[in-house]
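Hydrogens, waters and symmetry mates play no part in the numbers below; they use all other heavy atoms, side chains included. Just so it is clear, the structure is predicted and the values come from calculations on it, not from any experiment.
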Amino acid sequence: MDISNLFSMQAEISLALILIIILVADLIMKAPAHKPLQVLACGLLVVQIALNLIPSTGEAFGGMYHNTPMTSVVKTILTAGTLLVFLQADTWLSRPDTRHKAGEFYLLTLSTLLGMYYMVSAGSFLIFYVGLELASIPMACLVAFDKYRSHSAEAGAKFILSSMFSSALMLYGLSLIYGTCGTMYFSDITAHISGTPLQIMAMVFFFAGLGFKLSLVPFHMWTPDTYQGAPTTVSGYLSVISKGAAAFALMNILLRVFAPMADNWSLLLEVVIVVTITIANIFAILQKDLKRFMAYSSISQAGYIMLAVLGASTQGMASLVYYVVVYIVANLAVFGVISTVEQHHQGTVDRDAYNGLYQTNPRLTFVMTLALFSLAGIPPFAGFFSKFFVFASAFHAGHWLVVFLALVNTIISLYYYLLIVKAMYITPNDQPIPAFRSSLLTRVSLAICFAGVILFGICSSIYTVLEQLDAQ
């Protein structure tokens, strides 16, 4: 390896420089310096997105790190989603109890993003595990960010304990892989995979570790409590950015490393997908707290994302990335509205408080309605096409029964998403949430999400572009 190999790591190097710049700026600026830091962080992320769009391929550290056109696209998507989260954090970080901690929020969030970069570009289980831990440990700090609020501290404790347990399971599985194959490099392991019982157990342990990150059943128990206790902005980030990186990494590793064991992990995925979607849909119907509701919604959406993994092809990879793009804009639109209402109405996140919201805040109601329609998969919104593509990839791979059961569950999900729409438009309320005006940056983020829900449906040909990129 020579110094030129580091040019393939331009995304990680530039993000590390952004971390240093924000750290220095936070030390220099007089507290509270929330607004200048937010402008700086958002501006630097725009530059990062532009840099990620510059074509860069290659490998580094003897094949431990790989960069391809598709990984560059995924990093760009994750960075754009993080930018939306930063925009939505404006009102929350303006509070007296958080404004002096804005620097810590940006540093912790960007640290998790850097870990996700390493996860998606890993060519070895060693660098993958380092990236996973870099993405997980700062996330626990973010979950417990409102440390003087008991629910946030409790959520942080639950998250870090669950994360430690899942990480230990994965590490044990990776040790079994190394013991049976004698290497940690993805390109070398495949030749040594023969489907022995020990390797099957190693694959299951590895899947369990990423199943926690994705909130797949039965590794989902931490999700509702964590989403409810964490700051709403952090819950939104956890539900989309972290999940998107983990889904791409899981599919990448299953196809590159465990391809000889496809029959084994396909059966495992089939069971997990059906159980995840079904259980999440049933429990989502019972939720009154909107953050717990969105937690079960995200569990259900993770099941749909796994349909693309089940496709195990170029079509599956393209449909997964497209689904993540659509999921980011739709889910962040919902969390953006929840966060805005929460900050302007005494911290309420109860569904009944949204009764009659259309009377006083029609624009927020309209944005949330379209986002919920997209999550439910109603045409012509982007969520319909994203679901169609993941269904098609799984169906073409021969998993028609799983696709049928997922379609049935889509009807159930439509019901519970419409419960919120019904509350906002139809359910009477003599004292609805008073009219208010959200901050400029929040309105910008919601406008971007709204445009994404519409345009990604109209321009669903993006899927074809993604398919061509993965084929390169």
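- By the 6.0 Å and 45° rule, K75 stacks over the aromatic ring of Y117.
- For the residue pair S339 and T233, the shortest heavy atom distance occurs at OG-OG1, 3.9 Å.
- Counting heavy atoms from C-beta outward, L320 and F248 have side chains that approach closer than 4.5 Å.
- None of F283, Y227, Y417 except one satisfies the ring pair (Phe, Tyr, Trp, His ring centres under 6.0 Å) rule with Y296; the exception is F283.
- Side-chain atoms of K387 come within 3.5 Å of backbone N or O of L375 as a donor-acceptor pair.
- When atom types are taken as modelled, the side chain of S374 and the backbone of L370 share no donor-acceptor pair closer than 3.5 angstrom.
- In this model, a donor atom of one side chain and an acceptor atom of the other lie less than 3.5 Å apart for T112 and Y237.
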Would you list the atom pairs, donor with acceptor, under 3.5 Å between side chains in residues 349-357 and any protein atom, with sequence neighbours excluded?
{"from": "D350", "atom 1": "OD2", "to": "D352", "atom 2": "N", "distance (Å)": "3.0"}
{"from": "R351", "atom 1": "NH1", "to": "Q287", "atom 2": "O", "distance (Å)": "3.4"}
{"from": "N355", "atom 1": "ND2", "to": "D352", "atom 2": "O", "distance (Å)": "3.1"}

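- Note on ring orientation: taking the six-membered ring where Trp is involved, the planes of F125 and F206 are perpendicular (angle over 60°, cut-offs 30° and 60°).
- Aromatic ring centres of F145 and W92: separated by under 6.0 Å.
- Smallest separation of non-hydrogen atoms from W222 and S215: CZ2-OG, 3.3 Å.
- Between F450 and F366, the ring-plane angle classifies as tilted under the 30° and 60° cut-offs.
- Residues M294 and S235 have side chains not in contact (no heavy-atom distance under 4.5 Å, counting atoms from C-beta outward).
- Annotation: salt bridge (charged side-chain N to carboxylate O under 4.0 Å, His left out) contacts involving residues 220-238, sequence neighbours excluded, comprise K158-D225, D225-R292.
- With respect to F389, the ring pair (Phe, Tyr, Trp, His ring centres under 6.0 Å) criterion is satisfied by exactly one of Y322, F456, Y323: Y322.
- Checked by atom type, the side-chain pair D90/S439 shows a donor-acceptor distance below 3.5 Å.
- Applying the side chain to side chain donor-acceptor pair (under 3.5 Å) criterion to S167, with sequence neighbours excluded, gives Y129, E133.
- You'll find the side chain of M170 stays beyond 4.5 Å of the side chain of F165, heavy atoms only.
- I189 has its side chain out of reach of F258: every pair of non-hydrogen atoms, C-beta onward, lies at least 4.5 Å apart.
- In this structure, N252 and R256 have side chains that are in contact, with non-hydrogen atoms separated by less than 4.5 Å.
- For N67 and T71, the side-chain atoms include at least one donor-acceptor pair closer than 3.5 Å.
- In this structure the side chain of T76 never reaches within 4.5 angstrom of the side chain of T79, judged on heavy atoms.
- Remark: the backbone N or O of L332 is paired with a side-chain donor or acceptor of Q88 at under 3.5 angstrom.
- Between Y416 and L419, the closest side-chain pair of non-hydrogen atoms falls below 4.5 Å.
- If you check the side chains of S413 and N281, you find no donor sitting under 3.5 Å from an acceptor.
- A side-chain N or O of Y425 and one of T369 form a donor-acceptor pair less than 3.5 Å apart.
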